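Quick notes on the structure that follows.
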Amino acid sequence: MTSLSPDLAAWLDTEATHLDIAHDGAAAVLPRLADAGMFRIGIAAEHGGSGGDITDAVAAISAVSERSLAAGFVFWGHRTFIEYLLQSPNTKLRDALLPDLLAGRRAGATGLSNAMKFLSGIEELQIRARHLDHGLRIDGKLPWVTNLRVGGFDVAAAIQGDSNDPAFVAVLSSEDAGLERSADLDLMAMRATSTAALKIDNIRIGEDRILHRNASEWLPKVRPAFLAMQCAMSSGLARRALNEATARLNRERDVLTEPLVVLTAELGTVETGLHEGLRSGRFVERPAHLFRLRIRLAEIAAEALQLELYASGGRAYLSGPGEGFQRRQREAAFLPIITPSLVQLKLALQVHEQPAAIGAIA
């Protein structure tokens, strides 16, 4: 488990509900996480990090999500973009962008949710490229991207190549002429996450913006980090709900003791499996295992919230005493629809399990 600094923990506890229900707190999230060194976790010192590996980043996102899923969601988007840079062969782009990202001066956004669905055969890419005499013209849209901070951002996008060229992955910038950011999406929860849509109209980029020239080759290698850090949001929320429920046990509710113990143990087992799979690299060749963990963690979070409700009783419905539970209930409703959604993952697994299926997700 990652321990948060007292200052960050106190700030998250104080601001969690506001981050959930209002847009105006979005600007503060990134600097707060950066000041606490959260984006440096799991990154080698030679790149400006504090050491460790990707499992340490997963644990850090989980710890933040225990207190605020909105902050955990921003953390996931930003840290995932950083991971793309670390795994890209374009070292010049990494070295140019990484210092501002680690310091929270600029936001990084993972616009690859569409690409992850493309990789599993769920949908087509929504951005296309065309060769020009000097570089590439990019057109398309990204309907839902998190951490598009108004103060400046970079976003990773998977782009369909021109003619017979393969799809590739590139970085677009908030300063690019032709990139239009919508107003923040009016989400049911997690409003302070700078989540918006992007319209991409005749953006011109050079080869220096390309993270990888072959999306189908590269995306399976970065997908484990993408999904595992997403899993951390579910595990953090689940742990908080289980702890809250356990704290409320008494004689009248000791019937809940056994299911709480069982679910807490399962959460630990699933988290261990997640970390072991990341360290061994097996999720690259067998992503279906990771899909199942992602699905189960979201289910565990929902079951944990149900146990918290049972343990809290009527106080959960009172605006004051029940504020934390009510926020977590809204947060839990978000977990199944984060792209790729649980429905999309289950569809991918169903295709994979058909004997004749040619497995992009073997």
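What you are looking at is a predicted structure, and each value in this text was computed from that prediction instead of being measured. Computed over heavy atoms, backbone and side chain alike; hydrogens, waters and symmetry mates excluded.
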Indicate every side-chain donor-acceptor pair of residues 259-270 with a distance under 3.5 Å to a residue at least two apart or in another chain.
from	atom 1	to	atom 2	distance (Å)
T264	OG1	L260	O	2.7
E266	OE1	R296	NH2	3.0
E266	OE2	R296	NE	2.7
E266	OE2	R296	NH2	3.4
T269	OG1	A265	O	3.1

Evaluation steps, side chain to side chain donor-acceptor pair (under 3.5 Å), between D165 and H131: CA-CA 10 Å; D165 293 346; H131 284 293; 2.6 Å; yes
Counting distance only, does the side-chain N/O of [X] pair as donor-acceptor with the main-chain N or O of [Y] below 3.5 Å?
X	Y	answer
N214	E217	yes
S88	L211	yes
T257	D254	yes

Parallel, tilted or perpendicular: which one describes the rings of F73 and F334, with boundaries at 30° and 60°? perpendicular
Is [Y] paired with [X] through a side-chain N to carboxylate O contact shorter than 4.0 Å?
X	Y	value
D13	R67	yes
D184	R191	no
R282	E276	no
K141	D201	no
E244	R240	yes
D154	R106	yes

Reference residue Y310; test side-chain contact (heavy atoms from CB on, under 4.5 Å); the match among V255, L305, L256: L256
The single option from L4, L30, L102 that satisfies side-chain contact (heavy atoms from CB on, under 4.5 Å) with M38 is L4
Looking only at heavy atoms, which two atoms of [X] and [Y] are closest? And how far apart?
X	Y	result
I138	I200	O-CG2, 3.5 Å
A27	R149	O-NH2, 3.1 Å
M229	A57	SD-CB, 4.2 Å
I205	A170	CD1-CB, 3.9 Å

Counting only heavy atoms not in E258, do more than 12 fall under 6.0 Å of its CD? no
Pairwise side-chain contact, P340 with L227, heavy-atom cut-off 4.5 Å (strictly under): yes
Looking at residues at least two apart in the chain, or sitting in another chain, which of them share a side-chain contact (heavy atoms from CB on, under 4.5 Å) with Y317? L309
Show, in sequence, the C-alpha distance, side-chain angles and deciding distance for D24 and H18, and conclude whether the side chain to side chain donor-acceptor pair (under 3.5 Å) test is met. CA-CA 9 Å; D24 60 7; H18 187 72; 2.4 Å; yes
Between W76 and F226, does a ring-ring contact (aromatic ring centres under 6.0 Å, His included) hold up when you go through it step by step? CA-CA 8 Å; W76 165 75; F226 174 97; 5.4 Å; yes
Would the H78 and F39 ring centres measure less than 6.0 Å apart? yes
